[in-house]
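Working notes for the structure below.
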Amino acid sequence: MSESQIKLYYKNATAELIGTEHGITPAQLKALAEETSPLISQLNNERKDGKTPYRDLPYSKEISQKVKGLVAELKDRCENLVVLGIGGSALGNIALQTALNPYMHNLDDTQHSSPRLFVFDNIDPVQFGLFLDWVSDRLDKTIFNVISKSGQTTETLSQFMIIRQLLLDKLGPEGLQNHVIITTDLTQGPLCKIAADAALRCLEVPQGVGGRFSVLSAVGLFGAAMCGVDIDSLLAGARDMDSRVSCEDFYKNPAAVNAAINYHFYNRGKKISVMMSYSFRLKDLADWYRQLWAESLGKAKDLTGDEVHIGPTPIKALGATDQHSQVQLYLEGPNDKLFTFLQVNNFDKKLKIGPAPDSAPELAFLAGKDLGTLLNNEKKATEYALLHCKRPCLTVVFDEVNAYTVGQFIYLYEVTTSFAGALFKIDTYNQPAVKFVREAIPALEGKSGCDEMGRKCEELAQQIQSLTKIDGDFLV
Ligand code: PA5
């Protein structure tokens, strides 16, 4: 088993580095430890009581065996795996692919021996239509994994209805059965009914595991395993982190410390949380984190029902790219952000910069240097500048990027989110406001009928149309 680890470094968020106005003082850290410590046993107990089933996913032999069995059956006849899903049903798959497969995985057959992966988490007709043009001639070598926990998400179901017809037209009912895997809640929802009716193969989204906490279930594991990711190592990394984030000593528990520091800064006006990866491979984990943090912590009411309108705004950034796009704002704009860098100590590749041209001897300082070292120096330069401007910074340090450390990262941030929710005293696992948009879409798409639901849809559609109608007086 890999020994590599990730660690959270927080000195650069303290008063020692950025002063008492913006940094955490030892007394504040002590107060945070006192406030957070009881939550460690609270979370551990909630887990024992089965209230946070995502915590046990890395231990489920049943899930990994089912996934591996299906992969063994399908892999040899699959050149393209197409995931249809959105939000928590897609972002983990994208993050695992970017982090753990070669950059040219989809394009260069010499870099992989497993299927290409395409994840469609949008319904843009141009993007999806052009892809369908490409895949239509390759259906016999393509598997579609339709992922929706609720089984009723309009975006995913409309994509599914397109490919269902395509498969039926081109390959018949048997083609549908052979080329579609449904991942859903097996107890409810239209997708589950469709799968049963057409005898489609299914994987389960476990009960009580929300989309954004589901990447270590079949939701993320199937796509990852199909495309060559070592899911045993991924899960082992998550289990390793489990022992660290269950530790009752606040100062040794990276999730508790991470959540407490984020909570502290939010309460002191730093309401924006920027995750800036200095590794291309980790950039989509920042995207995955963005959803986890936003949907879990953005809430109108606390647990007592009081209106609080809580929620740090997560932003993703990529170094060095965004040094030339965002960093001017980060340094001189409002001091309202906490920064979390993702740093990799050992990149898989050493890449030497070539010699300086004779015409530009001033570039000699770069000649022969390693590109990964330069990238890490760019991180240091940005961090130095932020500290100079008294902006608090955290760093998640990866020894290296592999399935084991990525498993650790995922689990660290899931449990950090649980701690943050407990500190903010909100329900971390629901997303009540999303229903406003979810309900509006069928209404606008013309869902109607004589029953109560149908009448409600018609009324809602009228309301929305009058609210969103373009008023020419305001067009310039
Ligand atoms: O985290 C969540 O619960 C959401 O982001 C869902 O994953 C997203 O809305 C998609 O829902 P579903 O998986 O039911 O299609």
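Atoms within a ligand are numbered from 1 in the order they appear, just like the ligands themselves. This chain uses plain numbering: 1 for the first residue, then up along the sequence.
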Practice item. Could you tell me how the ring of Y263 sits relative to the ring of F424: parallel (under 30°), tilted (30 to 60°) or perpendicular (over 60°)? Key: perpendicular
Review point. Which heavy-atom pair separates Y404 from A236 by the least distance, and what is that distance?
Key: CE1-C, 3.6 Å
Review point. Which of parallel (below 30°), tilted (30 to 60°) and perpendicular (above 60°) describes Y411 and Y54?
Key: tilted
Point to revise | Near ligand 1, at a heavy-atom separation below 4.0 Å: residues by chain and residue number | key: I86, G87, G88, S89, S148, K149, S150, T153, G211, R212, Q291, E295, Q431, R438
Show me the side-chain donor-acceptor pairs of residues 149-157 shorter than 3.5 Å, one per line, residues at least two apart or across chains.
| from | atom 1 | to | atom 2 | distance (Å) |
| --- | --- | --- | --- | --- |
| K149 | NZ | P206 | O | 3.4 |
| K149 | NZ | V209 | O | 3.2 |
| S150 | OG | Q152 | N | 3.3 |
| S150 | OG | T153 | OG1 | 3.3 |
| T153 | OG1 | R438 | NH1 | 3.1 |
| T153 | OG1 | R438 | NH2 | 3.2 |

Review point. How are the rings of F280 and Y103 set to each other: parallel, tilted or perpendicular (split at 30° and 60°)?
Key: perpendicular
Practice item. Output yes when R239 and D242 qualify as a salt bridge under the 4.0 Å nitrogen-oxygen rule, no when they do not. Key: no
